[in-house]
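Counting starts at 1 for both ligands and their atoms, following the listed order.
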Amino acid sequence: TFLENVIGHEKFKTNQYTTRFIDETPELFQGAKRRDRATKLLTFVADVTVNGHPEVRGRALPNPEAAEPVPPRFEAPIEAGTRQKLEQLGPAGFAQWMLGEKRVLVTDTTMRDAHQSLLATRMRSFDIVAAADAYARGMPELLSLECWGGATFDVAMRFLTEDPWERLHEIREKAPNILLQMLLRGANGVGYANYPDNVVKFFVRRAAAGGIDLFRVFDALNWIENIKPGIDAVASEGKLAEAAVCYTGDILDAQRAKYSLKYYVDLAKELERSGAHIIGIKDMAGLLKPAAARVLFKALKNEIQIPIHFHTHDTSGIAAASVLAAVDAGVDAVDAAIDSLSGLTSQPCLGSIVEALKGSERDTGIDPGVVRKLSFYWEAVRNQYRAFESELRAGASEVYLHEMPGGQFTNLKEQARSLGLESRWHEVAQTYADVNRLFGDIVKVTPTSKVVGDMALAMVASGVTAEDVENPDKDVAFPDSVVQLFRGDLGQPPGGWPKALQAKILKGQTPYTERPGALMKPADLEAIRAEAAQKIGKTPADISDDDLASYIMFPKVYTDFQRMQDLYGPTSALPTPVYFYGLKAGDEVMVDLEKGKTLVVLCQAIGDVDEEGQVKVFFELNGQPRIIKVPNRS
Ligand SMILES: N[C@@H](CCCCNC(=O)CCCC[C@@H]1SC[C@@H]2NC(=O)N[C@@H]21)C(=O)O
Ligand SMILES: N[C@@H](CCCCNC(=O)CCCC[C@@H]1SC[C@@H]2NC(=O)N[C@@H]21)C(=O)O
Ligand SMILES: [Zn+2]
């Protein structure tokens, strides 16, 4: 075209000509105001270059000396793995296959729980998907890659302006031979409230269609009624239903009789009877100690005829010992995180567990050299997320007091910090334990852990003590989430809610004990699709089933996300340093929009703020000069 010929001409090749040419002939560029993806992306890059990104503002910067993340390239072909095994055998057959394996089967949690626990769930699809091929070729022995669900679904849209479904589809495509695993919060889906059964069913259908093979289904109160619909939904998709029992208390401590060995074995038997293919022990706070692990897994292996999968966190610093004790006691599968994203509130160290079992009859068969190469990649990635690192640098036996789940520990500390309570963290932790006792000693995992956290922060911030809460004559303001919990909105704890406190909290409201999902009328999915379309100015036909699932789970987050997409385009294609910190004059970056469509973006100069408070950023896009104006937001 005219532009390419004129601009492309030799004399315009160098910057100052290009810039002058544009300034002297602005009318040429007005017409080119096409809002294509490249222009939208440049708008984002210009915006973050000028204004920074809210998520990292004022936070620690990546170490500029650290290595760039380069995913290891293994030459091995992608050989059949557990995904093919499931396709051949079906879920029940696959479970039998697991029982027959002498080796310990390993789940790598790096793509989900590890960064949820260590980096506030902020890892982007760009870095996660880039590792998938290396796992497929280098670590085909894995049972599964835990890569979806939990907080990742919400955070992707809310803070990272990217689509969680796109992440799932891309991992699926790059690692076609390993089971993909997600964490499903039972009746809460990937949200924080209870949804009608048809919503959970719809979500599971979309997740299965998108590539999830193994669904770990749990309930935040271990309430079986709330787990069953999840098991049924997963089984009806022909996928693996791992019904998870959340571990709390201490089966060897007589003071914690409510959560005894019998409690856990009975729960596991009931879940097996309910059609689970695998039983998960979800030790979300890392409370299961080595001696207790030996007792628990021995009992489970005696009483249960389907495989047992152990998930724990290393907050206390003793998780690897508990995993090895569980292995000795016959557990079939264990979760671990890649070395450079393991430990503390994350899972125990995958490479060390592999080495510890090397040569034993339960040898995992995983190549330590591959572990090291992947760990080096993830270490370089982790550096780019320095902004989200927590203060926790050492094991904390305090976890046996407060019993906070790994993922919450760092988030609650952040919340306390934002409330100016950082220096009183140990009071918050003690109050968290007091609240648990007041609530009758409940399982604390999303969303019940959030309710306990809300209450603990409210008490510390307002100086309300546990005695005040228990005192029927002392008026106490309870957070909404506490009222909803005691009303029955999240289900029933073993033995029900403490009656006196429930009466004080509900102030005359009538609690209910039925399963919330059973009381809700089915959601009208097509009506909701139309509502979503109307909210973002599109037609129902524009709202895919995955969009609809996102909207149902998080309506406001979804519509905000769509607005960001309309404004900024596919920001998920940007390398992480560019996404969070933008470019400096002279920087050039390649952006693979899709196969064979690469944008070469050169940032030439950043102008000054003009009288309208706008800033011009000068780029070259695939060699063509482009000027983008963005507001100065500071
Ligand atoms: N606290 C709210 C959620 C807050 C929404 C946070 N959203 C984001 O972080 C993504 C939006 C990016 C804004 C872009 S980044 C480049 C440019 N710089 C800016 O300052 N703004 C734009 C909740 O919890 O819901
Ligand atoms: N992934 C590629 C990276 C090599 C960079 C290739 N790109 C260029 O040389 C930039 C100019 C060509 C991009 C063309 S311009 C017309 C079309 N529209 C676009 O947006 N991009 C292409 C590799 O591995 O080689
Ligand atoms: Zn976990």
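Only side-chain heavy atoms of T161 come within less than 4.0 Å of ligand 1; its backbone N, CA, C and O stay farther off.
Nearest protein heavy-atom contact of atom 21 (N) of ligand 1 is R633 NE, 3.7 Å. F159 CE2, 4.2 Å is the protein heavy atom nearest to atom 4 (C) of ligand 1.
Checked by atom type and distance alone, the side chain of T345 pairs as donor or acceptor with a backbone atom of S117 at under 3.5 Å. The backbone N or O of N51 lies less than 3.5 Å from no partner atom in the side chain of D47, so there is not a single donor-acceptor pair.
Within the 4.0 Å heavy-atom shell around ligand 1 one does not find G582.
The closest side-chain heavy-atom distance from M157 to F554 is below 4.5 Å.
Between H313 and H311, the ring planes lie perpendicular to each other; the angle is over 60°, past the 30° to 60° tilted range. Taking the six-membered ring for Trp and thresholds of 30 and 60 degrees, F409 and H402 have ring planes inclined between 30 and 60 degrees apart. Taking the six-membered ring where the residue is Trp, F203 and W148 present parallel rings, their angle staying beneath 30° rather than reaching 60°.
Inclusion of R57 in the set of residues having an N or O under 3.5 Å from an N or O of ligand 1 is warranted. The shortest N or O to N or O distance between R158 and ligand 1 is below 3.5 Å. Checking only distances, G52 does come within under 3.5 Å of ligand 1, N or O to N or O.
The contact set between ligand 1 and E55, taken as ligand atoms under 4.0 Å from a residue heavy atom, comprises 9 (O). Of all the atoms in ligand 1, the ones that sit under 4.0 Å from a non-hydrogen atom of F44 are 15 (S), 16 (C). Taking a cut-off of under 4.0 Å to the non-hydrogen atoms of M564, the atoms of ligand 1 that pass are 11 (C).
To the nearest 10 degrees, the angle centred on the Zn ion (ligand 3) between OD2 in D113 and NE2 in H313 reads 100°.
Checked against a 6.0 Å centroid threshold, the rings of Y579 and H53 count as neighbours.
In this structure, a donor-acceptor pair under 3.5 Å is present between the side chains of W165 and S550.
Atom 2 (C) of ligand 1 lies below 4.0 Å from none of the non-hydrogen atoms of the protein.
Looking at F580, Y568, F554, it is Y568 that brings a heavy atom closest to atom 14 (C) of ligand 1.
When the Zn ion (ligand 3) is compared with the N/O/S atoms of H311, atom NE2 turns out nearest.
Under the 4.0 Å criterion applied to side-chain N and carboxylate O atoms, R563 and D560 are assigned as salt-bridge partners.
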